[in-house]
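So the structure is just underneath, and the comments pick up after that.
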Amino acid sequence: MLDIKLIRERPDWVRQRLASRGAGEEERVADVLKADENRRKAIAEVEQLKAARNQAARDIGALMGQKKTAEAEARKAETRAMGDRIAQLDALVKEADAARDALLLRLPNLPHETVAAGTGPADNPVVRAWGAKPEFGFKPKAHDALCEELELVDFKRGAKLAGSGFLLYTHWGAKLERALIQFMLDLHTREHGFVEVSPPYLASRDCMLGVGQLPKFEDQAYAVQEGLDAATRGRLYLVPTAEAPVANIHRDEILPENRLPLRYCAYSPCFRAEAGAAGVGTRGMIRVHQFDKVEMIEIVKPEDSYAALERMVGCAERVLQLLELHYRVVLLCTGDMGFASAKTYDLEVWAPGQGSYLEVSSCSNCEDFQARRMNLRYRAGAGDNRFPHILNGSGTALARLFVALLETGQQADGSVILPEPLRPYLGTNRLTRPHP
RNA sequence: GGAGAGAUGGCUGAGUGGUUUAAAGCGCACGCCUGGAGAGCGUGAGUGGGCUUAUACCCCACCGGGAGUUCGAAUCUCCCUCUCUCCGCCA
């Protein structure tokens, strides 16, 4: 969430940065300022009364001590009415607080000044590309055909088990999925300095609010219900990304400065309801309700966060480089960025069978937007607690990486050659039909 | 799921309605002392908010979370969460 003091002191700048997202959010700034003013007025009034009540209580205590019972009773009687007034005003403060927070929690982060202005994916500048589109002496197949022929994924039965958008990996497909997860975790922990964690796959509402997944995007999450008790729905959510639990590991803490940067990586399945997304990308495994992902989270001092973002993108790129996949890096423009992010790079891997690039990683610097929501601070010095910056990045998302790997490695005979680093994990250098 | 016990500041740990609107010890920071260190002595130190040029002063709130009783709640009542012990169920 945005710093209310920043909004108070530089409302025009905040409006201008919000406007760059092109969603009209800048119109909410006036509402926020009004709500903030209401809140402060209510607080000032009730606190004055409370100070008076506290003084009265002290006086009564002293009178009782001196056995001046009559005076004490008289003082009690005149103080009694104050309690009701305070209760009323407290309720007003609570209301004003909630009103302000409701607005603040729905305002997106401010795009960093280095982010290109734009309105959609077409305006995302390509920062660099690595490798080249592979050449084939034949017409490359799409991954769904390869999956069926090599029995890597059983789409039909996956849908039978949980509905459209759920995958049943089989034979080499299941092993390849597992191998990719392990390969990426090994890479990030051994070479990139991340600490591996394995979080719960359900996250509390507070965690979801903390990363900015809620309250705006409730329709995209799977809310679970505990047993038959419908009242429990909305307390826990299936994680849409490991970012939700992992970024919140230190919520409500004040970290010693020397613990930063904290670098975590985690595997988790990711569950996305993505209501009403029929049409584009519904075929195969490019857009599904559950996919696997290895996520990187970094908590850093503010002055280090943009260098950390570049580094994190490099860590994600390293995965694709080692797997010998052609990809490009794009900088998301102001109109295409996620809610919590100040600056985001996407990695798009080439999928020859699709004839298009697929997003397999998104690395974002959320600055202090999330730290503020989750009340995570670090001690920069005596009496100087600050919000750290939090970054997240996929390193990388599966399913689509799986697609690119199959489509890139496919051979004329229908088999798929694996890049060298995966071979030890699978015990083979080539995927073939599991049986004749 | 059932029964019981517990949750206090960085840690330990007092505190069952009012000079305790959080004692004491340890640890911490600074100062004095010392050639230096230690010991000793002294001082200080939490979080958020309001008011502010101010991380100064003053004020409000915070003893797991929420509600209540009261002039006044760490303390009494109710609900919830978490931890520990035991029982049941379970991979």
Side-chain angles (χ1 to χ4, degrees), chain A residues 1-10 32-101 104-105 198 200-210 224-236 245 248-259 302 368 371-388:
Chain A
M1 113 176 114
L2 299 180
D3 183 0
I4 184 64
K5 287 184 193 138
L6 176 71
I7 301 178
R8 262 183 227 152
E9 286 159 21
R10 303 178 62 193
V32 171
L33 286 172
K34 187 87 182 90
D36 179 52
E37 206 185 310
N38 285 343
R39 170 178 171 276
R40 288 197 288 163
K41 257 169 75 179
I43 286 175
E45 194 178 353
V46 76
E47 284 192 351
Q48 202 179 336
L49 264 180
K50 281 181 179 176
R53 182 182 65 179
N54 288 346
Q55 186 54 52
R58 266 190 293 266
D59 293 348
I60 292 168
L63 290 171
M64 307 268 284
Q66 298 161 32
K67 306 275 189 233
K68 297 182 179 170
T69 317
E71 281 178 56
E73 286 303 325
R75 196 70 200 275
K76 273 192 202 180
E78 65 184 56
T79 311
R80 199 160 293 144
M82 253 159 102
D84 295 337
R85 182 69 186 138
I86 286 172
Q88 280 173 16
L89 290 172
D90 262 340
L92 279 182
V93 168
K94 208 173 161 184
E95 240 173 74
D97 245 338
R100 190 187 75 166
D101 285 350
L104 276 177
L105 285 171
S198 180
Y201 299 152
L202 293 177
S204 70
R205 187 174 180 81
D206 282 343
C207 286
M208 296 286 276
L209 281 165
V224 304
Q225 172 176 317
E226 295 166 35
L228 295 174
D229 186 357
T232 60
R233 199 185 305 129
R235 289 220 287 247
L236 289 172
N248 276 287
I249 288 175
H250 298 287
R251 73 168 12 258
D252 289 317
E253 292 183 28
I254 300 175
L255 299 167
E257 186 173 26
N258 62 16
R259 286 201 59 191
D368 63 7
R372 225 172 258 291
R373 289 175 160 245
M374 59 182 71
N375 193 30
L376 165 62
R377 289 158 295 167
Y378 74 98
R379 195 177 301 282
D384 188 14
N385 296 332
R386 301 183 192 167
F387 293 105

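The chains referred to below are lettered A, B, ... by the order of the sequence lines, with proteins before strands, and numbering in each begins at 1. This is a predicted model, so every value here is computed, not measured.
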- Note on the structure: B:rC58 -> Watson-Crick or G-U wobble partner, both distances under 3.5 Å, gives B:rG50
- Query: Which part of the nucleic acid, if any, lies within reach of A:Arg40 when heavy atoms closer than 4.0 Å are counted: base, sugar-phosphate only, or nothing?
  - Reply: sugar-phosphate
- Item | Spacing of CG belonging to A:Leu63 relative to CZ belonging to A:Arg75, to within rounding of 0.5 Å | 7.5 Å
- Task: For B:rU8 and B:rC57, measure between their P atoms and round to the nearest Å.
- Result: 29 Å
- Message: Give me the distance, rounded to whole Å, that separates B:rG31 from B:rU85 when you measure between the P atoms they each carry.
- Response: 47 Å
- Query: Between A:Asp3 (CG) and B:rG49 (C1'), how many Å, whole number?
  - Reply: 14 Å
- Query: Base, sugar-phosphate alone, or nothing: which one does A:Arg8 contact when heavy atoms must sit under 4.0 Å apart?
  - Reply: sugar-phosphate
- Query: Where do A:Met82 and A:Arg53 come nearest, in terms of heavy atoms and distance?
  - Reply: CE-N, 3.2 Å
- Task: Calculate the interatomic distance between A:Glu37 atom CD and B:rG50 atom P; express it in whole Å.
- Result: 13 Å
- Query: Between A:Arg53 and B:rC71, does any side-chain N or O lie under 4.0 Å from OP1 or OP2?
  - Reply: no
- For B:rC28 and B:rA39, measure between their P atoms and round to the nearest Å. 9 Å
- Query: Can you check whether A:Arg40 reaches A:Asn38 side chain to side chain, under 4.5 Å on heavy atoms?
  - Reply: no
- Task: Using only side-chain N and O atoms of A:Arg75, determine if any of them is under 4.0 Å from OP1 or OP2 of B:rG72.
- Result: no
- Message: Categorize A:Lys41 for me: base, sugar-phosphate, or nothing, with a 4.0 angstrom heavy-atom threshold over every strand shown.
- Response: nothing
- Query: Among side-chain atoms of A:Asp84 and A:Gln88, is any donor-acceptor pair under 3.5 angstrom?
  - Reply: no
- Shortest side-chain distance from A:Asn54, nucleotide among B:rG48, B:rA61, B:rA67: B:rA61
- Task: Look at the side-chain N and O atoms of A:Arg379 and state whether any lies under 4.0 Å from the OP1 or OP2 oxygen of B:rU47.
- Result: yes
- Using purine N1 to pyrimidine N3 plus N6-O4 or O6-N4 for Watson-Crick, or N1-O2 and O6-N3 for G-U wobble, both under 3.5 Å, which nucleotide pairs with B:rG36? none
- Message: Does the structure show a Watson-Crick or G-U wobble partner for B:rU43, both distances under 3.5 Å? Name it, or say none.
- Response: B:rA29
- Message: Using a heavy-atom cut-off of 4.0 Å across all strands, would you classify A:Asp59 as base, sugar-phosphate, or nothing?
- Response: nothing
- Task: Take atom P in B:rG44 and the same atom in B:rA56, then report the distance between them in whole Å.
- Result: 16 Å
- Base partner of B:rG1, which must satisfy Watson-Crick or wobble distances under 3.5 Å: B:rC87
- Base paired to B:rU20 (Watson-Crick or G-U; both N/O distances under 3.5 angstrom): none
- Which whole-number value in Å describes the distance from A:Asp252 CG to B:rU47 C1'? 11 Å
- Classify the nucleic acid contact of A:Ala56 as base, sugar-phosphate or nothing, counting any heavy atom under 4.0 Å across all strands shown. nothing
- Task: Among the candidates B:rC60, B:rG50, B:rC71, find the nucleotide nearest to the side-chain atoms of A:Ile60.
- Result: B:rC71
- Task: Could you walk me through whether A:Glu37 and A:Lys34 pass the salt bridge (Lys or Arg N to Asp or Glu O under 4.0 Å) test, one step at a time?
- Result: CA-CA 5 Å; A:Glu37 206 185 310; A:Lys34 187 87 182 90; 5.2 Å; no
- Message: For B:rU77, give the paired nucleotide (Watson-Crick: N1-N3 plus N6-O4 or O6-N4; G-U: N1-O2 and O6-N3; both under 3.5 Å), or none.
- Response: B:rA67
- Whole-Å gap separating C1' (B:rG1) and CD (A:Glu226): 14 Å
- Closest of B:rC71, B:rA67, B:rG50 to the A:Thr79 side chain is B:rC71
- Message: Contact between A:Leu255 and A:Arg379 at the side-chain level, heavy atoms closer than 4.5 Å - yes or no?
- Response: no
- Which whole-number value in Å describes the distance from A:Asp384 CG to B:rA54 P? 15 Å
- With nearest nucleotides of RNA chain B determined for A:Arg235 and A:Gln48 from heavy-atom distances, which residue corresponds to the more 5′ nucleotide? A:Gln48
- Just how far, in rounded Å, is P of B:rC62 from NZ of A:Lys94? 14 Å
- Item | Residue pair A:Leu2 / A:Val32, side-chain heavy-atom distance below 4.5 Å | no
- Message: Measuring to OP1 and OP2 of B:rG48, would you say a side-chain N or O of A:Lys5 lies under 4.0 angstrom away?
- Response: no
- Which nucleotide in the list B:rG48, B:rC60, B:rC71 gets nearest to the side chain of A:Arg377? B:rG48
- Message: Tell me whether the side-chain N/O atoms of A:Asn385 come closer than 4.0 Å to OP1 or OP2 in B:rU47.
- Response: yes
- Sidechain-backbone polar pair: A:Arg373 side chain, A:Leu209 backbone, donor-acceptor under 3.5 Å: yes
- Task: Go ahead and name the base partner of B:rG6; Watson-Crick or wobble counts if both distances stay under 3.5 Å, otherwise write none.
- Result: B:rC82
- Message: Any base atoms under 4.0 Å from A:Arg58, or only sugar-phosphate, or nothing? Heavy atoms, all strands.
- Response: base
- Query: How would you label the contact of A:Arg386 with the nucleic acid (heavy atoms, under 4.0 Å): base, sugar-phosphate, or nothing?
  - Reply: nothing
- Task: With the side chain of A:Ala57 defined as its heavy atoms from C-beta on, choose the nearest nucleotide among B:rG18, B:rU47, B:rG49.
- Result: B:rG18
- Message: If you assign each of A:Ile43 and A:Ile254 to its closest nucleotide in RNA chain B, which residue comes earlier from the 5' end?
- Response: A:Ile254
